[in-house]
Protein chains: 2
Amino acid sequence: MPTISKENYLKTIYQRAQTSNEPVTTSYVASKLEVSNAATSEMAKKLSDDGLISHEKYKGIELTDNGREIALQIIRRHRLWELFLIKVLGLSWGEVHDEAEMLEHSTSELLINTIDDYLGNPKFDPHGSPIPDRFGNLPVTPAIIALTKCRTGKKYRIAKVNDKSSELMNYFSRLGLELEKEIVIEDRLEFDNSITLSIDNRIHSLSEKICENVYVYSN
Amino acid sequence: MPTISKENYLKTIYQRAQTSNEPVTTSYVASKLEVSNAATSEMAKKLSDDGLISHEKYKGIELTDNGREIALQIIRRHRLWELFLIKVLGLSWGEVHDEAEMLEHSTSELLINTIDDYLGNPKFDPHGSPIPDRFGNLPVTPAIIALTKCRTGKKYRIAKVNDKSSELMNYFSRLGLELEKEIVIEDRLEFDNSITLSIDNRIHSLSEKICENVYVYSN
DNA sequence: ATTAAAAATTAAGCAAACTTAAATTAATAA
DNA sequence: TTATTAATTTAAGTTTGCTTAATTTTTAAT
């Protein structure tokens, strides 16, 4: 079993590879984990020796099958814990990320499978992200688009949010912005790319940066 | 916040002080944590610098108020997790110790208090050990005695077991030996200090070593 | 009281995971 | 094409927590 630190590197590499076409650079990983480039470079060599990534010097990083498997196990633990903390223990959208970030490294396969069963083998976490099953398989995900890509006047349903900070999650909660909630795009300002939308018949204006982190089903 | 390693030293020191009159020695802590005496000696200096223990060289170790507070917090987490895993997630007596051993270091105060409330603020864990409340206060505990001190022919109720190994816990489960279960001391062999007792009208013989780890209410 | 044995500490060294600073490689712009 | 800049890696050093071996202190026995 890898160390907690190695698990975090693998998770970061996996998630970057999933959400970007560009190669995963050491500097990206370094900034995400808030460590120096030097630390990442060093760790890349170790993970490469462990057979968990492939890394040609001065080129991008790629996960091996083994590395991806471990990353998916950690992500599985994270997302199941988030759902469990909300559904069973009643924690809020804003509280679960940091808790799951710790628990994901201290959870045996027995325990996470028990939690999975307890929850009825859910396919998505509280932010709309897919949960890998015990074999590392991801569920089929519906097509989604960021709010920034939505058309004015149309109605959508919230499919996913990026849980970047508890502050943002709490803000969403205050807005009433939740998964599966219907929204209508009312207007969009060319000036700053902000979007005006209605949730529960109330009008809100969201900045471009926020809209990039909210996704709706693209029907 | 101390490191996981420091938390484990503090917990071990606390538990030794609770269950023995002799001073807590470095060699005891070392053997319990399965590290060298040298490592323990070194750690003792660090914990002393942190103000968590007091330690005169070549003498025993004592927790300071701060050190005891942290130890009790870890023990609280451990025991609440054990109860939660059994009561809510259905894990077995033998499975919970190792899980709790990991989770206790990855659980925020918010989360453990939530779990505490979810369980109805229980006073004892699944092995009969007292659970410190959120302020570090231990509940009043009934008087108990080890099986080794019981009188032949008498009836008792199981109050507590030491959860030393999952193997032992699984053995207890097979015997039907559970908290609050009534037992009768049938006989005792001078030869090896083993004890014969009946549980659910079935007769079992337990070695002295096992009997030292089972406690009953001493009425 | 002295000495042998046991316990505890110190010394020296290692691995993991980080740091800053220096050196190298790759990318880009004149 | 070459020079500059940016990205990456290597080098040297730190902290934490461990190891074994050597030393010191305490305890116990003669």
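Just the heavy atoms: all of them, side chains too, but no hydrogens, waters or symmetry mates, feed the values below. Lettering follows sequence order; numbering is per chain, from 1. Since we're looking at a predicted model, the values are computed, not measured.
For the residue pair A/Ser108 and B/Glu99, a side-chain donor N or O sits within less than 3.5 Å of a side-chain acceptor on the partner. No side-chain donor-acceptor contact under 3.5 Å links B/Thr40 and B/Thr26. Residues A/Asn66 and A/Thr64 bring no donor and acceptor atom of their side chains to less than 3.5 Å of each other.
Look at NZ on A/Lys57: it is 19 Å from C1' on C/dA27, rounded to the nearest Å. Put simply, CD on A/Glu22 is 19 Å from P on C/dA26, counting in whole angstrom units. Atom CD in A/Glu56 sits roughly 14 Å away from atom P in C/dT25 (whole-Å rounding). The distance between atom OH of A/Tyr58 and atom P of C/dA26, rounded to the nearest whole Å, is 7 Å. Taking atom CG on A/Asp49 and atom P on D/dT9, their separation rounds to 14 Å, with Å as the unit. The distance between atom CD of A/Glu7 and atom P of C/dA17, rounded to the nearest whole Å, is 11 Å.
Taking a cutoff of 4.0 Å between a charged side-chain nitrogen and a carboxylate oxygen, A/Asp50 and A/Lys6 qualify as a salt bridge.
In terms of position along DNA chain C, the nucleotide closest to B/Thr25 lies nearer the 5' end than the nucleotide closest to the other residue of the pair B/Thr25 and A/Lys59.
A/Arg188 meets the side chain to side chain contact (heavy atoms under 4.5 Å, CB included) test with A/Thr152, A/Ile195; sequence neighbours excluded. With sequence neighbours left out, A/Asn121 forms a side chain to side chain contact (heavy atoms under 4.5 Å, CB included) with A/Asp116, A/Asp117, A/Arg134.
Taking the six-membered ring for Trp and the full ring otherwise, A/His127 and A/His97 have centroids separated by 6.0 Å or more.
Within 4.0 Å (heavy atoms only), B/Ser41 reaches at least one base atom of the nucleic acid.
Side-chain nitrogen and oxygen atoms of B/Thr26 include at least one within less than 4.0 Å of the OP1 or OP2 phosphate oxygen of C/dT9. Between B/Ser27 and C/dA7 there is no side-chain polar atom (N or O) within less than 4.0 angstrom of OP1 or OP2. Considering only side-chain N and O atoms, A/His55 lies nowhere under 4.0 angstrom from the phosphate OP1 or OP2 of D/dT8.
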What does nucleotides 14-19 of chain D look like as a protein-contact string, B for base, S for sugar-phosphate only, - for none, at under 4.0 angstrom between heavy atoms? --SBBB
